[in-house]
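Position 1 is the first residue of the sequence; numbering continues from there.
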Amino acid sequence: MNVLCRHCFHLFDFRRVGVLCRSRRCSNVLNTEGRRGPRFMLPDKERLWARHGQQLALDRSCPYCQERERLVPACPRCRHPLDADIGLVEDRIIGVLGARSSGKSHYLSALLHLLLRKEIGGEVWKVGMDREARQAAEKFFLHPLFDELEELPATSRGLGPELRLVLTHKGDGRRVLLVFRDLSGEEMADRNLLERVHFLRYAEGVVLLADPQALDDRGQPTGQGVVTCAQILENYRAVLETHPCRREEEELAVLPERKFLAVTVTKADLVLRSNKSFWSVDGQAHLEPGFWRARDAESLEVRTWLHKRLAAPDAFTQNVEEFADASYFFVSSFGYKYTPRPDRKLRKPPQPLRVHEPIFALLDRFTAEAGAPEAPRRGQEMRRRGRSPENEDVL
């Protein structure tokens, strides 16, 4: 069970979580680092586990001040408090990468529209969002695009608001926390700026948006070519591989080969006819187990189309396939061919097409991976990196 600290962006195994006491008596304690603050405890040492170490017993009294209802989970690195439901919801970080004008904000808006307003996937997943996050989603994404029918502005530098959404599986009760944050394409194009976006290191699933209008920079003057999805992916890989990894981080989807990549051609209404059979596929197919693998034919179709239009298709394909697993998608956030206007007004409401599929495909892949034997995949990863699994130290 992986947990992401929202304060220091440290991803850690739930079994390493700490506990703080927020009572007045424990508010000014000198800790092992020589700093004063709320008392920090280790659940193993203080016997604060319930249900065989699967859940924190936060309803117990503090072992020191004896006050009840004062215990909260905390990050083991920065020691800031975490959400009370930690351990009940597993963080699944899905990063959405793309160059400037590739459609990241519109993709996120269309996805939220389908999940929150259209209840896509509701037969299997129950969607939950707290009031503050829902208000932010409505204000910045849903209301401007779907109510005001206005094209979203370019994303400014820096991180946008954090939108947290919980999916609860209606069958087995499994809960997955999805966190979305909008990030400008300019930052992704600058390797130094991308290096500072720490949570992208820990993304198990990555949606790489490819704008069909900015795929090929052949013929552009030297130094003035558009930034392509291939360059964004190259930057991302470089950041991941130059980041010094601790051993425990290798197990938490830091390295490229630990990830799953959904290469997604946005604005596909510009390249596919509206009556093409691709758009009429069963809308609930994405909810069937094995969806990631079951769509191999469609994935190959998108891959072939993309391969013909990239400036360096072989290098891009090799870069993609060096990630642990990849699948390819066509999506349309508007659902019709859109020509930008000076007033940024849309001529009709957006009707998103298959925008949700990369996300549900990644969730399906996560589920399959959780039930798969670890040894074969780990051995394959180490061979890719020139290491022998036989000589690897055992934790």
Side-chain angles (χ1 to χ4, degrees), residues 1-93 126 128 130 164-179 199 202 204 245-254 258 363 366-367 369-375 378 393-395:
M1 182 73 71
N2 297 336
V3 179
L4 177 71
C5 176
R6 300 299 189 279
H7 302 283
C8 67
F9 295 109
H10 176 51
L11 190 71
F12 59 92
D13 189 287
F14 174 60
R15 292 167 295 182
R16 296 179 52 239
V17 69
V19 173
L20 292 177
C21 178
R22 307 186 78 175
S23 72
R24 177 171 294 184
R25 289 178 58 190
C26 289
S27 64
N28 191 29
V29 178
L30 188 66
N31 61 31
T32 55
E33 297 179 348
R35 299 177 182 176
R36 291 193 174 275
R39 186 185 299 277
F40 180 84
M41 296 168 276
L42 298 176
D44 287 336
K45 181 180 178 181
E46 306 298 343
R47 299 182 179 180
L48 294 174
W49 288 112
R51 296 173 55 187
H52 307 292
Q54 296 178 357
Q55 186 175 341
L56 290 174
L58 299 176
D59 57 343
R60 295 181 186 173
S61 301
C62 170
Y64 297 90
C65 70
Q66 304 303 318
E67 292 192 34
R68 299 182 68 88
E69 299 183 357
R70 297 295 185 181
L71 302 180
V72 295
C75 172
R77 174 185 284 180
C78 70
R79 302 193 173 186
H80 276 77
L82 303 170
D83 293 336
D85 62 356
I86 184 175
L88 300 177
V89 181
E90 180 165 13
D91 282 15
R92 289 293 194 179
I93 306 168
K126 178 182 177 182
D130 63 39
R164 307 178 63 198
L165 186 150
V166 177
L167 297 178
T168 304
H169 197 280
K170 293 183 176 180
D172 56 23
R174 177 166 41 99
R175 300 177 69 195
V176 177
L177 175 67
L178 298 180
V179 181
F199 67 85
Y202 304 113
E204 291 179 75
C245 289
R246 290 179 296 276
R247 180 59 184 276
E248 65 270 18
E249 285 184 319
E250 292 187 18
E251 301 300 321
L252 297 175
V254 175
R258 296 291 303 176
L363 289 177
F366 293 156
T367 302
E369 176 66 13
E374 179 66 18
R378 180 166 173 74
D393 293 335
V394 177
L395 288 176

**Request:** Could you pull out all residues at least two apart from Arg24 that satisfy side-chain contact (heavy atoms from CB on, under 4.5 Å)?
**Result:** none

**Message:** Could you check whether any side-chain heavy atom of Ser23 comes within less than 4.5 Å of a side-chain heavy atom of Cys62, counting everything from C-beta outward?
**Reply:** no

**Request:** Could you tell me which non-hydrogen atom of Glu46 sits nearest to which non-hydrogen atom of Met41, and how far apart they are?
**Result:** CG-CB, 3.8 Å

**Asked** So, do Leu42 and Val19 sit near enough that their side-chain heavy atoms are less than 4.5 Å apart?
**Response** no

Name every donor-acceptor pair, under 3.5 Å, that has one atom in a side chain of residues 65-75 and the other anywhere in the protein, sequence neighbours excluded.
{"residue": "Gln66", "atom": "NE2", "partner": "Pro63", "partner atom": "O", "Å": "3.0"}
{"residue": "Glu67", "atom": "OE1", "partner": "Arg70", "partner atom": "NE", "Å": "3.4"}
{"residue": "Arg68", "atom": "NH1", "partner": "Ser61", "partner atom": "OG", "Å": "3.4"}
{"residue": "Arg68", "atom": "NH2", "partner": "Asp59", "partner atom": "O", "Å": "2.8"}

**Rounded distance (nearest 0.5 Å) linking atom CZ of Phe14 with atom CG of Leu56** = 4.5 Å

**Request:** Sequence neighbours left out, what passes side-chain contact (heavy atoms from CB on, under 4.5 Å) with Lys170? Give chain and number order.
**Result:** Lys126

**Request:** Name all residues meeting the side-chain contact (heavy atoms from CB on, under 4.5 Å) criterion together with Asp44; count only those two or more places apart in sequence or in a different chain, and write none if there are none.
**Result:** Trp49

**Message:** Nearest 0.5 angstrom please: Arg36 CZ to Leu30 CG, how far?
**Reply:** 5.0 Å

**With His169 via side-chain contact (heavy atoms from CB on, under 4.5 Å) - residues at least two apart** = Val124, Trp125, Asp172, Arg174

**Prompt:** Do we get Arg39 above Tyr64's six-membered ring, with its NZ or CZ under 6.0 Å from the centre and within 45° of the axis?
**Reply:** yes

